[in-house]
2 protein chains.
Amino acid sequence: MPRRTSHEDASCPVARPLDAIGDGWSLLIIRDAFDGLRRFGEFQKSLGLAKNILSARLHSLVAHGLLHTVPASDGSAYQEYQLTSKGRALFPVLAALRQWSEEYFFEPDETRARLVDRGTGQPVAKVEIHSSDGRVLDPEDTVITMYRPADA
Amino acid sequence: MPRRTSHEDASCPVARPLDAIGDGWSLLIIRDAFDGLRRFGEFQKSLGLAKNILSARLHSLVAHGLLHTVPASDGSAYQEYQLTSKGRALFPVLAALRQWSEEYFFEPDETRARLVDRGTGQPVAKVEIHSSDGRVLDPEDTVITMYRPADA
DNA sequence: CCGTATCCATTCCGATACTG
DNA sequence: CAGTATCGGAATGGATACGG
């Protein structure tokens with residue numbers, strides 16, 4: 001029996017993107033892309049992975065529409081990898097993940113990389129889930145329901 | 001050379017939790033836990049994975065402090081798996097991931113599972129990143145900086 | 001400098017059988 | 001029902017060598 005290879009057809013939005021970013025390196029590549037990295041060598045130096053798998057991950061991210069390649073920038077005949085709008089839209093996810101990790105995976109006195117407001121240098125506000133009318137929602141205040149858009 | 005086995009010592013909060021939730025199944029188990037699932041068999045039925053790997057994942061999540069086991073609830077001699085506060089704190093991450101996925105991985109007319117306010121039935125508000133004084137921040141408005149807490 | 005192709009070691013997953 | 005133990009196949013990742 002083949003291994004569970006894909007979540008493409010899952011109706012759950014948590015499952016479906018796992019093919020694109022469910023692997024360990026992809027999220028780190030996206031993080032670096034947000035940080036301004038664009039060149040193959042920059043990613044490789046930052047992440048320290050083998051070139052073949054970096055190549056594979058990059059292609060996968062392009063195939064899933066999170067990155068796209070642009071021809072040059074310096075005269076070279078190579079590619080640069082930039083976030084698409086789909087990739088950029090991961091910003092809140094990454095920010096929430098950062099906050100969760102800082103709170104639960106770091107000792108209070110441990111040095112860490114923080115996401116801050118560029119203008120003020122202050123850390124960004126804690127991500128919260130709100131109702132459509134602005135109340136803060138806890139997990140218990142929410143439910144998962146099936147939504148069938150009318151195909152009018 | 002050993003494969004990169006762990007991100008435990010990374011100073012980047014994006015990297016460090018990958019050992020705990022970077023694998024494909026863990027996030028889905030957490031999702032199901034938010035959904036109220038607690039028993040081994042419930043998870044297995046929902047996810048359709050082999051019992052040995054479910055067992056391994058569950059143990060890993062317990063070891064990383066996202067789940068904890070409680071003795072019974074019905075008289076049986078078995079365990080139930082519940083989210084810890086650390087696991088519950090993943091709520092905004094999961095919610096942000098859901099929203100991103102719904103927007104970019106589903107066709108507009110495609111049926112999907114949505115996170116809604118239990119009281120009103122309305123979908124939760126879109127997750128945004130705010131500055132400490134309440135402005136909405138785009139990726140460009142932010143920077144990553146190293147933070148060294150004073151060890152007073 | 002930017003990749004691609006090949007090889008090898010490790011890991012992971014699924015099925016199955018087994019215990020309580 | 002709730003797990004554990006074992007096995008085999010598949011996919012992955014790392015190193016390296018090579019080509020543009």
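Keep in mind the model is a prediction, meaning the values are calculated, not measured. Reminder, nothing fancy here: chain letters follow the sequence lines and each chain counts from 1.
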Nearest-Å distance, [atom1] ([X]) to [atom2] ([N])?
{"X": "B/R38", "N": "D/dG3", "atom1": "CZ", "atom2": "C1'", "value": "20 Å"}
{"X": "B/Q79", "N": "C/dG20", "atom1": "CD", "atom2": "P", "value": "18 Å"}
{"X": "B/L54", "N": "C/dC12", "atom1": "CG", "atom2": "P", "value": "16 Å"}
{"X": "B/L47", "N": "C/dC12", "atom1": "CG", "atom2": "P", "value": "18 Å"}
{"X": "A/L49", "N": "D/dT16", "atom1": "CG", "atom2": "C1'", "value": "15 Å"}
{"X": "B/Q44", "N": "C/dA15", "atom1": "CD", "atom2": "P", "value": "10 Å"}
{"X": "A/I53", "N": "C/dT6", "atom1": "CD1", "atom2": "C1'", "value": "15 Å"}

Earlier contact from the 5' end, DNA chain C, for B/D23 and A/E42: A/E42
Euclidean distance, B/E80 CD relative to B/F40 CZ, rounded to 0.5 Å: 14.0 Å
CD1 on A/I21 to CZ on A/R57, rounded to 0.5 Å: 12.5 Å
Pair A/E107 + A/R112, salt bridge at N-O below 4.0 Å: no
Carboxylate-amine/guanidinium proximity below 4.0 Å for B/K126 and B/E103: yes
Would you tell me if any nitrogen or oxygen in the side chain of [X] comes within less than 4.0 Å of OP1 or OP2 on [N]?
{"X": "A/Y81", "N": "C/dG3", "answer": "yes"}
{"X": "B/R57", "N": "C/dC13", "answer": "yes"}
{"X": "B/S55", "N": "D/dG3", "answer": "no"}
{"X": "A/R39", "N": "C/dC2", "answer": "yes"}
{"X": "A/H59", "N": "C/dG3", "answer": "no"}

Atom NZ of B/K45: over 12 foreign heavy atoms under 6.0 Å: no
Under 3.5 Å donor-acceptor pair, A/N52 side-chain atoms to D/dG13 base atoms: no
Aromatic plane relationship, B/H7 with A/W25 - under 30° parallel, 30 to 60° tilted, over 60° perpendicular: perpendicular
Nearest listed nucleotide, side chain of A/K51, among C/dC2, C/dC13, D/dA2: C/dC2
Which nucleotide in C/dC2, C/dC13, C/dA15 has an atom nearest any side-chain atom of A/F40: C/dC2
Intra- and inter-strand pairs of DNA chain C in dot-bracket (Watson-Crick or G-U wobble, both distances under 3.5 Å; | for another strand): ..||||||||||||||||||
Residue pair B/R38 / B/Y81, side-chain heavy-atom distance below 4.5 Å: no
